[in-house]
Amino acid sequence: MTRQWQLMRVARTFLEASKIANNALTGLYFLQISKDKGLNREDEVRFKDNLVKGVDLLKGILQTLKAQERGGKLPSEALLVIRSISRGYFTIRPDQLKLKVSKAIKELEAFKDGKETELETAERVLEIIARSTAEELSTASLRMREVMEARL
Amino acid sequence: MSFLDRKIKEIESRIKLAQQANEQFKHVSKALSPYIEFMQNELLSLTKDLETVQYDLNLLRRWYPVKEEEYLSDDRGRHLLTNILRELVDIEGEFFFQIDILMPLIKDWIYQRNDQNIEIFHKLLSKYVSELTALIRLKVPVLSVFRDNYLCHSCFVGWKKVKGHVVCAPFSEVSTLRRWTILAHEIGHAFFDVHAKQFENKVFPKVRSKIFALSSGIVKEDIPRAAQIWLESWIPELAADCVATKSLGPAFVSTFISDALHWNPKHVDFQQPTHPPMDTRVRFQLKILGLLDLEDFNVNKLSQVWNSYTRNVIYEIDPFVENLLLSPEVVDTASEEILELVKTAPIRDIWISILDAKDMLQAKEWKKISVVSLVGALTLLPSAFGLSWILERLIGEES
């Protein structure tokens with residue numbers, strides 16, 4: 001009856017979200033800088049792929065925010081990420097969060113297609129996901145380490 | 001060498017060391033294969049991630065050729081550096097959760113399988129767990145190890161791809177077979193992992209809607225937190241209890257109740273409200289037992305014992321817990337939806353053999369029976385019932 005199973009589950013979710021958000025941001029920054037500095041084809045494909053995965057994550061979050069209203073499917077990983085974004089935004093309301101996430105998706109998709117676009121919201125949302133999931137992850141790791149140390 | 005390069009080298013060497021250890025685990029036993037393969041793939045993926053970080057770092061350095069002690073003048077460059085650092089933290093986190101935790105469990109398994117004092121009990125435990133997982137038709141491998149406590153460790157790839165589980169029972173209970181019934185709850189967690197999508201599709205939305213529909217005696221701002229506690233923690237815990245009760249019936253519930261007596265029946269840990277209060281859990285289990293309607297078993301007697309205990313304990317309940325978390329509508333909805341989803345009820349098929357085993361043990365007779373029936377029967381016998389002769393028989397059979 002320990003908490004290990006729950007801690008593992010939560011930590012895995014935050015780890016995945018953190019990886020996707022971090023990679024998407026890395027892709028975004030590299031692609032932005034590459035306009036001045038140049039980038040080989042292989043790297044460009046990889047960084048764009050990172051952006052696509054970031055967009056998919058945001059789409060999953062948006063779908064879950066909508067599902068909360070109409071009582072549809074609620075994937076636990078999306079719920080956990082929504083919780084961490086809300087904390088990162090200092091408890092933003094779901095309707096405001098929905099607007100921000102959907103704006104971020106539009107910005108990222110336009111950027112990926114090579115259109116001139118603002119990226120302010122996309123950067124902010126991804127940054128909040130990366131930062132807050134990393135914080136949640138370190139809390140989960142700490143608790144897990146406590147559980148493990150308690151065995152000694 | 002910069003601090004970042006040093007960090008990358010350090011992680012690289014940890015990965016190599018783990019790869020070497022994993023290599024040694026091969027050929028030990030077929031039972032370990034899924035876990036060795038899991039770690040092998042994880043270590044390969046970590047190596048790839050680390051190479052990508054190193055590559056990106058080199059790219060950044062080519063673009064911004066500053067020394068480590070100098071500031072990056074460009075905002076984008078600084079953001080990139082932050083991200084590269086975070087990617088390294090993620091790699092370390094992944095190593096911790098996928099390798100650092102699992103590897104000692106595998107080492108313990110090998111040690112316990114080879115230690116002449118533990119080997120027999122370890123084999124018996126493995127047999128018991130494999131019988132239980134077969135009963136609930138769990139299609140992922142489950143390894144069992146003696147550790148310090150009852151726990152379930154999940155091996156995941158990505159969000160939800162379950163590759164296997166390791167369940168643990170306390171070392172101090174190596175020969176207290178009747179206590180092993182608690183493991184059914186841990187196996188229930190494995191069941192939840194495998195069926196997570198169904199719980200999210202069917203149970204989560206209904207429970208969430210019920211919580212959001214509450215209005216009397218609650219603080220509106222508390223609603224999202226209550227929903228979060230139920231969806232993240234309490235539904236999975238009640239689902240695991242449901243699987244355990246439907247697998248072992250009274251054998252699980254009676255052991256659970258004896259454990260629950262350590263707790264205030266309405267206690268909720270406010271810092272980490274990971275489990276519903278014992279009273280909610282026991283009442284749910286008793287409800288399932290009632291529905292199972294097993295032959296020669298009177299659930300009312302067990303309910304009366306629990307009621308008399310809870311009536312005699314004094315406790316105070318926070319309004320958040322009483323009006324929101326434990327609102328009868330929410331608890332009932334969660335219970336009904338979980339029951340609807342956990343269709344399997346293997347106890348119906350094995351109950352008679354548990355009763356037969358109980359009669360056999362009472363008569364001090366012995367014939368080969370399943371470990372599940374034996375463990376189940378032991379919980380139904382008086383606590384003073386001597387186990388030593390049973391252990392002798394089991395050891396004789398296994399050696």
Side-chain angles (χ1 to χ4, degrees), chain A residues 1-19 21-23 25-26 28-30 32-34 36-37 39 43 46 60 67-68 70-80 83 86 91 94 123 127 130-131 134 137-138 140-141 143-145 147-148 150-152, chain B residues 49 52 55-56 59-60 62-63 74 76-77 79-80 82-84 86-87 89-90 93-94 96-98 100-101 104 147-154 156 158-160 168 182 185-186 189 192-193 196-197 199-201 204-206 208-209 212 224 228 231-233 236-237 240 259 272 274-275:
Chain A
M1 280 190 247
T2 62
R3 300 185 168 104
Q4 169 137 340
W5 180 78
Q6 288 193 22
L7 285 174
M8 256 312 274
R9 218 167 127 249
V10 168
R12 283 289 323 152
T13 299
F14 287 130
L15 188 60
E16 281 304 305
S18 168
K19 273 161 61 181
N22 263 330
N23 287 339
L25 277 172
T26 306
L28 187 70
Y29 294 137
F30 267 121
Q32 278 179 320
I33 305 170
S34 73
D36 306 324
K37 313 225 178 211
L39 202 61
D43 286 337
R46 175 165 68 92
Q68 282 185 339
R70 51 164 210 271
K73 184 190 174 183
L74 299 174
S76 37
E77 64 272 14
L79 288 172
L80 281 164
R83 161 155 74 89
S86 301
T91 56
E123 273 184 47
E127 178 62 33
R131 200 175 345 118
L137 180 65
S138 70
S141 310
R143 283 185 191 158
M144 192 74 129
R145 282 178 207 274
V147 169
M148 289 171 79
R151 289 180 189 150
L152 299 173
Chain B
D49 289 348
T52 308
Y55 180 88
D56 289 350
L59 192 59
L60 180 76
R62 272 212 307 278
W63 284 355
D74 184 282
R76 299 269 156 226
H79 279 311
L80 260 179
T82 309
N83 260 54
I84 288 171
R86 278 201 297 230
E87 282 173 27
V89 174
D90 283 347
E94 182 127 27
F96 173 66
F97 285 107
Q98 304 288 59
D100 272 345
I101 298 176
R147 269 271 165 144
D148 69 317
N149 210 337
Y150 286 100
L151 62 91
C152 174
H153 174 85
S154 318
F156 273 108
W159 295 120
K160 282 204 176 81
C168 303
I182 294 294
H185 170 88
E186 303 305 331
H189 281 313
F192 184 90
D193 281 340
K197 278 189 182 167
F199 280 96
E200 290 165 0
N201 284 345
F204 283 20
K206 290 198 175 146
R208 188 181 183 278
S209 308
F212 273 78
Q228 180 206 323
L231 269 50
E232 266 178 38
S233 311
E237 289 302 331
D259 274 12
Q272 295 173 54
T274 50
H275 292 69

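By convention in this document, chain letters (A, B, ...) are assigned in the order of the sequence lines, proteins followed by strands, and residues within each chain are numbered from 1. Side-chain atoms are counted along with the backbone in the values below, which use heavy atoms only and exclude waters and symmetry mates.
Few gaps surround NZ on A/Lys37; more than 12 heavy atoms of other groups in view lie less than 6.0 Å from it.
Here the closest heavy-atom approach between residue B/Ser233 and residue A/Gln6 is recorded as OG-OE1, 3.1 Å. A/Ala140 approaches B/Phe97 most closely through the heavy-atom pair C-CZ, 4.3 Å. Closest approach of A/Gln68 and B/Arg208 over heavy atoms only: O-NH1, 3.1 Å. Considering all non-hydrogen atoms of both residues, A/Ala17 and B/Trp159 come closest at N-CH2, 3.5 Å. Here the closest non-hydrogen pair linking A/Phe30 and B/Asp56 is CZ-O, 3.5 Å. A/Leu137 approaches B/Asp90 most closely through the heavy-atom pair CD2-OD1, 4.2 Å.
The CG atom of A/Leu25 sits 12.0 Å away from the CD1 atom of B/Ile84 when rounded to the nearest 0.5 Å. Atoms CZ and OH, from A/Arg46 and B/Tyr55 in turn, are 6.5 Å apart once rounded to the nearest 0.5 Å. Note: B/Arg76 CZ to A/Asp36 CG = 10.5 Å, rounded to the nearest 0.5 Å. Taken from CD in A/Gln4 to CD1 in B/Ile101, the straight-line distance is 6.0 Å, to the nearest 0.5 Å. To the nearest 0.5 Å, the span separating CD1 on A/Ile33 from CG on B/Asp74 amounts to 6.0 Å. The CZ atom of B/Phe156 lies 8.0 Å from the CE atom of A/Met8; values are rounded to the nearest 0.5 Å.
In this structure, chain B has heavy atoms under 4.5 Å from both the backbone and the side chain of A/Glu16. Using a 4.5 Å cut-off between heavy atoms, B/Gln272 touches chain A through backbone and side chain atoms alike. Heavy-atom distances place both the backbone and the side chain of B/Glu87 under 4.5 Å from chain A. When heavy atoms are compared at a cutoff of 4.5 Å, B/Phe199 does not approach chain A at all.
Most heavy-atom pairs under 4.5 Å with chain A: of the set B/Pro236, B/Pro224, B/Ala240, B/Pro205, this distinction falls to B/Pro205. Your options are A/Leu28, A/Val10, A/Asp43, A/Leu7, and the one with the most heavy-atom pairs under 4.5 Å with chain B is A/Asp43. Contacts with chain B were tallied for A/Thr13, A/Thr26, A/Asn23; A/Thr26 has the most, counting heavy-atom pairs under 4.5 Å.
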Quick one, B/Glu94 with A/Arg12, criterion side-chain contact (heavy atoms from CB on, under 4.5 Å). Give me CA distance, side-chain angles, the key distance, then yes/no. CA-CA 8 Å; B/Glu94 182 127 27; A/Arg12 283 289 323 152; 3.4 Å; yes
Passes side-chain contact (heavy atoms from CB on, under 4.5 Å), B/Glu232 versus A/Arg9? Steps please. CA-CA 9 Å; B/Glu232 266 178 38; A/Arg9 218 167 127 249; 5.6 Å; no
side-chain hydrogen bond (donor to acceptor under 3.5 Å, both in side chains) evaluation trace for A/Trp5 with B/Asp193: CA-CA 10 Å; A/Trp5 180 78; B/Asp193 281 340; 3.1 Å; yes
Give the table of side-chain donor-acceptor pairs shorter than 3.5 Å for residues 72-80 of chain A, with sequence neighbours excluded, one pair per line with atom names and distance.
{"from": "A/Ser76", "atom 1": "OG", "to": "B/Glu200", "atom 2": "OE2", "distance (Å)": "2.4"}
{"from": "A/Glu77", "atom 1": "OE1", "to": "B/Lys160", "atom 2": "NZ", "distance (Å)": "2.4"}
{"from": "A/Glu77", "atom 1": "OE2", "to": "B/Lys160", "atom 2": "NZ", "distance (Å)": "3.1"}

